[in-house]
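Inspection log for the structure reproduced underneath, given as structure tokens.
In this chain, residues are counted from 1 in sequence order. What you see is a predicted model; the values in this text were computed from it and never measured.
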Amino acid sequence: MNTFIVSFHQEDNVDSMQVQKLTTAEFEKSASRGFRRLFELDTNMGSFVFFDAEDDEGDLSHLVLQYEEDSQDPSDCYSFSKNDFYEFMALYLQGMDEMEEEEEEEEEEEEDEDYGPIHHLAHLMFHVVEEGKSVKP
């Protein structure tokens, strides 16, 4: 497991994050007592699956697996602090809520897709992937 720091643009309104890149064995150890698949995010960089997991000692981890296009196996595994992971969850839930509201309104005119919480989450994950490219798990 290697740790790296992800810095974001000032306009991203997110503090820098300390991220850990895990090997498959480290992921499996982190999830030895089970995990919950919370949500998935599809992007042009592949898909990201967000989990929380518990190890044999009862310690919780907040994990994201990255899958590249058409791959059954994850290309990378990242571990985040609870606070940073909460930020991701909040963005996702806010974006899902906005999508439901838009569906209920059922506007017939075509709209340009605004930059919303889901796009912002994808943007933050882009930074994580970019910073983590040179880091070996």
Side-chain angles (χ1 to χ4, degrees):
M1 160 181 8
N2 277 326
T3 302
F4 60 100
I5 303 294
V6 179
S7 298
F8 299 97
H9 303 127
Q10 183 177 357
E11 58 271 11
D12 289 333
N13 293 320
V14 178
D15 293 333
S16 61
M17 293 181 183
Q18 184 171 316
V19 180
Q20 296 176 325
K21 196 169 189 179
L22 281 64
T23 64
T24 302
E26 290 167 333
F27 170 79
E28 290 172 0
K29 183 179 180 199
S30 294
S32 58
R33 280 177 73 182
F35 63 87
R36 294 183 296 185
R37 182 180 176 144
L38 301 172
F39 62 94
E40 185 173 326
L41 177 68
D42 287 320
T43 71
N44 58 357
M45 300 174 294
S47 63
F48 297 89
V49 182
F50 294 73
F51 296 89
D52 63 0
E54 186 175 3
D55 67 12
D56 285 334
E57 286 82 43
D59 295 326
L60 295 177
S61 296
H62 305 88
L63 308 169
V64 177
L65 293 178
Q66 179 188 9
Y67 292 85
E68 293 179 359
E69 280 187 41
D70 302 324
S71 177
Q72 298 292 338
D73 297 320
S75 56
D76 285 307
C77 178
Y78 303 100
S79 178
F80 296 90
S81 73
K82 183 178 179 179
N83 290 343
D84 293 337
F85 196 79
Y86 179 83
E87 179 71 26
F88 296 151
M89 286 182 58
L91 286 169
Y92 182 79
L93 291 172
Q94 182 183 7
M96 298 302 344
D97 189 45
E98 287 180 8
M99 288 174 69
E100 285 179 17
E101 288 175 10
E102 289 173 10
E103 288 174 9
E104 288 174 8
E105 292 173 5
E106 293 181 313
E107 294 179 356
E108 293 190 16
E109 60 188 72
E110 286 188 32
E111 289 184 37
D112 291 334
E113 208 171 307
D114 291 333
Y115 183 85
I118 299 290
H119 295 101
H120 190 58
L121 176 56
H123 176 75
L124 297 179
M125 293 311 299
F126 170 79
H127 284 292
V128 170
V129 170
E130 286 298 304
E131 288 291 328
K133 278 184 179 178
S134 62
V135 177
K136 299 283 185 215

Decide whether His123 and His127 meet the rule of one side-chain donor and one side-chain acceptor closer than 3.5 Å.
-> yes
Do [X] and [Y] belong to the same hydrophobic cluster, where Ile, Leu, Val, Met, Phe, Trp and Tyr are linked whenever their side-chain heavy atoms lie under 4.5 Å apart, directly or via other members?
X	Y	answer
Met89	Val6	yes
Met1	Val64	no
Phe126	Val49	no
Val135	Phe27	no
Leu124	Leu65	no

Using ring pair (Phe, Tyr, Trp, His ring centres under 6.0 Å) as the criterion, point out the one residue from Tyr78, Phe85, Phe80 that pairs with His62.
-> Phe85
Looking only at non-hydrogen atoms, find the nearest pair between [X] and [Y] and report the distance.
X	Y	value
Ala122	Thr43	CB-CG2, 3.7 Å
Asn2	Pro137	ND2-O, 3.9 Å
Ser47	Asp42	CB-OD1, 3.0 Å
Gln18	Asp84	N-OD2, 4.2 Å

Please examine the side chains of Leu63 and Leu22, heavy atoms only from C-beta on, and report whether any two atoms are closer than 4.5 Å.
-> yes
Which distance, rounded to the nearest 0.5 Å, do you find between the [atom1] of [X] and the [atom2] of [Y]?
X	Y	atom1	atom2	result
Thr3	Met17	OG1	CE	14.5 Å
Glu69	Asn44	CD	CG	9.0 Å
Glu87	Leu121	CD	CG	9.0 Å
Phe48	Ser75	CZ	OG	7.5 Å
Glu28	Thr23	CD	OG1	8.5 Å

Begin from the C-alpha positions of Gln66 and Val129 and carry the test side-chain contact (heavy atoms from CB on, under 4.5 Å) through to its verdict.
-> CA-CA 9 Å; Gln66 179 188 9; Val129 170; 3.6 Å; yes
Quick one: do Val19 and Glu131 satisfy side-chain contact (heavy atoms from CB on, under 4.5 Å)? Show the steps, please.
-> CA-CA 10 Å; Val19 180; Glu131 288 291 328; over 6 Å; no
Give the table of side-chain donor-acceptor pairs shorter than 3.5 Å for residues 53-60, with sequence neighbours excluded, one pair per line with atom names and distance.
from: Asp55; atom 1: OD1; to: Glu57; atom 2: N; distance (Å): 3.0
from: Asp55; atom 1: OD1; to: Gly58; atom 2: N; distance (Å): 3.1
from: Asp55; atom 1: OD1; to: Asp59; atom 2: N; distance (Å): 2.8
from: Asp56; atom 1: OD1; to: Ser32; atom 2: OG; distance (Å): 3.0

Neighbour count >12 (heavy atoms, 6.0 Å) for atom [atom1], [X]:
X	atom1	result
Gln72	CD	no
Phe35	CZ	no
Tyr86	OH	no
Asp15	CG	no

Could you give me the CA-CA distance, side-chain angles and deciding distance for Phe50 and Met125, then say whether side-chain contact (heavy atoms from CB on, under 4.5 Å) is met?
-> CA-CA 11 Å; Phe50 294 73; Met125 293 311 299; 4.2 Å; yes
